[in-house]
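Please read all numbers here as calculations on a predicted model, not as lab measurements. Here is how names work: the chains are called A, B, and so on, in the same order as the sequence lines, proteins then strands, and each is numbered from 1.
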Amino acid sequence: MKFFRSLLAKYILIIVLALFLIQFAYLAIAIFMTSFASDLGESHTIEGHISESEIEKQWHKAANQLQVAEQEHVEQFFNEWQERYTDSAMFWIDEHGQLRAQRNVTMQYPQHWTPTDTAKFMKSRYGGDPFTVVAFVGSNEDKGFVVLEMSRSLFQPPIRKIYDDYGMILLIGVVFIVFVFIAVSLLFFRGIRKRLLQLQESMTIRDVDTLPIPIDVKRHDEIGQLEQSFNQMVAELKESDERRQQEEQLRRELIANLSHDLRTPLTKMRAQAYGLNKEPLSSEGQLSLQSLEQSIVHVDRLMENLMSYTLLMASKYELHLKEVDVIRFTRESIASWYPVFEKEGFEIDVSLEPFAQSIWYVDQIWLGRILDNILQNVLRHAKDGKYVAVASVSTDQYDAIQISDRGLGIAHESLEKGAGIGLSIVDMMVKGMSLQWEIQSTEQGTTVLLQRFK
Amino acid sequence: MISILYIEDEVDIGNWVVNILKERSYEVIWLRSGEQVDRYIGTADLVILDVMLPGLDGFSIGRRVKKERGDLPILMLSARTAIEDKVEGLHFADDYVTKPFHPDELLARIEVLLRRFQKFDEQIQLQHLTIYPKEMRIINNETNEEVQLTGKQYHLLQFFISHLNQILTKEQLYEGVWGEQFIEGDKTLMVHIRYLREKIEKNPAAPTIIETIRGLGYRVKL
């Protein structure tokens, strides 16, 4: 059954039909023409398609039977024949060589026939056109002779005649048939082409999940099979995409749960440390307790960074860019950090002036995270300087937020490691929002520039 | 006394937090799960909620509580730090503190919430001033006279009081008190702060109640 649904089967059918159609057309034209011709046949062709020799035989026989060679008899004889063969011409030469009766004769024959005339006539008509039969009147061959003239064309087979008479119509018919065949083939291939183009088009359309949309398979031929394969591929893609998303979700969950599970004991540690603080402790004990406190904070931050880093590396940290007044945002961010620096005895120098274009296209959470990480670093690495400055800087090339401290710099630590995971996150987030950043660190201090190029 | 409803399944952390809160003389009702929350919602002044709990999770409990009592501040206290979790939590909760937290931070945030929801009955002592927020009355302790403020001035002071110890930028103040977008260069706020200082500061030329934080904004510290 499959074969009969295929395009190949259809194509073969068209070819076979075409061949059959040509034959059929010939046949149809022939039948049509014959019937058309037979309608006219009464006057133009010979009834029953009698051959020349048959006519000759009949003419001889009839002439021989004509015993009385009187004018009226011959005329009557001619009448009978003319009834049967309308297009024939006849005349009678009597025993004296006189042209006595004639029918339909178009040639100019002499009134009196000499033997020379007779010989000339016989010679010229032998095998020629019109077909000519000469028969003696009566059985005694002494009453002169009758001549029958018929156009040779009356004896031609019908097809030949049709070719001659209706050649143009036939040619047009054949050309028409050829065109019908071409048109049918064209329609067939146009159908295929259209479907292929549609297939190609629907392959380029994407769903909301950026995957192609399955195609509605209407026919089960070769293209239908292609469409089915395509649909199967789409289904597999969808499946794999879902699997990937599930894995991503699992991974996210895993990180979140891991982080939760690590933070819970960390909180307990803090509870214990707080409890210890209530006890009378030696100064050494107090120092250890402080160090424990710091470690808890540090581990907490590390875990937070590790989580962000993992999400950023997997490009799964959501980015929602919108218009943010960067000066205002930075000011509010510093304001929330102010008490921490104040507590550590830092001098805080803020000079934020609006840029010509203070609206940056950024993600607030990301920008907040960048500032947090930079300020955390200041707090951790530049405690000795007891100074932090946040300023807006504008040059021809860029607008920037500048955060500087007077610490020992991070140069003597490992700059290659980017001062740890915190700055790696800064790097990824800055680039993720199409901003740039620069860090210069000397023993006199560190300056970080968060730049937006004009 | 202020009553805090605390839901936490971790015994060690729970004990610790209950102790901290009791030291500050809050009344604490500690539940290990959300099952009996309904019984205490009516009397609580603030709810502290963990997220990972046996049975109903903290988010579901919080949403239910908020639906029942919109005037009850909810503080989420969770070791779940992912932004998605915070965002989900802050849909209904009023604050989100992550573990491991510093007890001082937790207490400060609780106070901010209680003040914001006006759960404090008592007056606030600001240097030589005593403020009765519910009666909108300010008494100068040295002269025992009431300080008379205009509507806008009182509104401004109230905004500072509901954000005690926080640095507020010009934009935040203007938008919080006037409810309009701050336009750079607008002097209205500065004028009002000067008038307010003249009324409440001992020495308006060297203000101590409303601090100026250079480059950032203003702060009222308790």
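Between chain B and the options Leu352(A), Ile334(A), Asp325(A), the largest number of non-hydrogen pairs under 4.5 Å is found for Ile334(A). Of the listed residues Lys170(B), Arg214(B), Arg219(B), the one with more heavy-atom pairs under 4.5 angstrom with chain A than any other is Arg219(B). Most heavy-atom pairs under 4.5 Å with chain B: of the set Glu293(A), Glu304(A), Glu353(A), this distinction falls to Glu304(A). In terms of heavy-atom pairs under 4.5 angstrom with chain B, the leader among Ser308(A), Ala271(A), Ala335(A) is Ala271(A). Ranked by non-hydrogen atom pairs under 4.5 Å with chain B, the options Gln272(A), Glu342(A), Met303(A), Met269(A) are led by Glu342(A).
In this structure a side-chain-to-backbone donor-acceptor pair under 3.5 Å is present from Arg331(A) to Gly215(B).
Inter-residue side-chain proximity for Ile20(B) and Tyr274(A) is flagged as met; some heavy-atom pair is nearer than 4.5 Å. Between Lys99(B) and Asp300(A), the closest side-chain pair of non-hydrogen atoms is not below 4.5 Å.
The two residues Ala79(B) and Ser259(A) make their nearest non-hydrogen contact at O-OG, 4.2 Å. Nearest approach of Pro100(B) to Leu266(A), heavy atoms of both residues: CG-CD2, 3.6 Å.
Neither the backbone nor the side chain of Leu168(B) comes within less than 4.5 Å of any heavy atom in chain A. The part of Glu23(B) that comes within reach of chain A is its side chain, from C-beta onward, which places non-hydrogen atoms under 4.5 angstrom from that chain. Residue contact with chain B, scored on non-hydrogen atoms closer than 4.5 Å, is absent for Ser351(A). There is no contact between Phe182(B) and chain A, counting heavy-atom distances below 4.5 Å. Contacts of Gln166(B) with chain A are absent, with no heavy-atom separation under 4.5 Å from either backbone or side chain. In this structure, no portion of Pro265(A) lies under 4.5 Å from any heavy atom of chain B. If you measure heavy-atom distances from Gln172(B) to chain A, the contacts under 4.5 Å come from both the backbone and the side chain. For chain A, the nearby parts of Thr81(B) are the backbone and the side chain; heavy atoms of each come within less than 4.5 Å.
More than 12 heavy atoms of other residues, nucleotides or ligands sit less than 6.0 Å from atom CG of Leu250(A). A 6.0 Å sphere centred on CZ of Arg109(B) holds more than 12 heavy atoms belonging to other residues, nucleotides or ligands. Heavy atoms from other residues, nucleotides or ligands lying under 6.0 Å from OH of Tyr309(A) number 12 at most. The number of heavy-atom neighbours closer than 6.0 Å to CD of Glu323(A), taken from other residues, nucleotides and ligands shown, is 12 or below. Around CD of Glu175(B), the count of heavy atoms belonging to other residues, nucleotides or ligands within 6.0 Å exceeds 12. Sparse packing is recorded around OH of Tyr195(B), with 12 or fewer heavy atoms of other residues, nucleotides or ligands lying under 6.0 Å away.
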For Arg263(A) and Glu10(B), what are the C-alpha separation, side-chain angles and deciding distance, and is it a salt bridge (charged side-chain N to carboxylate O under 4.0 Å, His left out)?
CA-CA 12 Å; Arg263(A) 280 191 161 90; Glu10(B) 275 287 339; over 6 Å; no

Test Arg270(A) against His102(B) for side chain to side chain contact (heavy atoms under 4.5 Å, CB included), laying out the working first.
CA-CA 8 Å; Arg270(A) 181 162 251 167; His102(B) 197 282; 3.8 Å; yes

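Between Lys268(A) and Glu8(B) there is no salt bridge, since no side-chain nitrogen of the basic residue lies less than 4.0 Å from a carboxylate oxygen of the acidic one.
Put simply, OH on Tyr338(A) and CD1 on Ile213(B) are 4.0 Å apart, with the number rounded to the nearest 0.5 Å.
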